[in-house]
Amino acid sequence: LSAEGRTASRPTLRLPVAESGPAIDGKLDESCWEDAVRTGPLTDWQGDPGKSTTEALLLRDTEHLYVGVDYAGDDASLPYRFLWEGSKAL
């Protein structure tokens with residue numbers, strides 16, 4: 001809701017509640033990530049497609065929000081996946 005009590009016109013994501021959160025190990029291979037909400041390909045600040053395919057994955061448990069980032073650079077044979085804890089990538 002906006003400050004005036006109206007619904008904001010921004011996109012929203014409904015996050016599933018996982019029974020337990022993933023291990024914070026830099027990998028997105030736990031089964032809970034299969035149910036995560038995906039943002040779709042991310043764009044730059046002007047809304048243009050990025051030079052690489054990058055997508056955020058989001059899920060939560062009863063206490064935490066988990067954000068994973070799936071990145072495939074120019075060389076598709078070198079996919080990179082990241083998890084953040086606080087402000088640092090693992």
Side-chain angles (χ1 to χ4, degrees):
L1 293 177
S2 68
E4 295 83 29
R6 293 176 288 167
T7 302
S9 62
R10 293 184 259 191
T12 60
L13 294 172
R14 303 234 182 250
L15 303 182
V17 178
E19 289 186 26
S20 63
I24 307 299
D25 59 4
K27 299 176 185 177
L28 300 175
D29 57 359
E30 291 93 355
S31 62
C32 61
W33 288 113
E34 294 174 15
D35 297 327
V37 172
R38 294 178 165 266
T39 61
L42 299 177
T43 59
D44 68 15
W45 66 276
Q46 294 177 316
D48 296 324
K51 294 179 182 177
S52 60
T53 302
T54 305
E55 184 174 34
L57 292 81
L58 300 109
L59 64 99
R60 65 186 179 104
D61 61 20
T62 57
E63 297 182 29
H64 300 96
L65 169 67
Y66 300 95
V67 179
V69 177
D70 193 355
Y71 164 81
D74 293 335
D75 183 348
S77 67
L78 298 173
Y80 298 95
R81 292 179 157 193
F82 301 97
L83 284 177
W84 270 266
E85 179 176 29
S87 62
K88 63 180 179 179
L90 301 175

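Every heavy atom of this structure was used, including side-chain atoms; hydrogens, water molecules and symmetry mates were not. Note that the numbering runs from 1 along the sequence shown for the chain.
Of all heavy-atom pairs spanning L59 and A18, the tightest one is CD1-CB, 3.8 Å. G68 and W33 get closest at one heavy-atom pair: N-CH2, 3.6 Å. Between A36 and P16 the shortest heavy-atom distance is CA-CG, 4.4 Å.
For E55 (side chain) and P41 (main-chain N/O), no donor-acceptor pair under 3.5 Å exists by modelled atom type. Put simply, the side chain of T39 gets close to the backbone of A56: a donor and an acceptor are under 3.5 Å apart.
In the hydrophobic cluster analysis, where Ile, Leu, Val, Met, Phe, Trp and Tyr join through side-chain heavy atoms closer than 4.5 angstrom, L42 is grouped apart from L57. One hydrophobic cluster holds both L65 and V37 under the rule that ILVMFWY side chains link at heavy-atom gaps under 4.5 Å.
Here the CD atom belonging to E34 is positioned 10.0 Å from the CG atom belonging to D29, to the nearest 0.5 angstrom.
For residues 56-66, the set of pairs meeting the salt bridge (charged side-chain N to carboxylate O under 4.0 Å, His left out) definition, not counting sequence neighbours, is empty.
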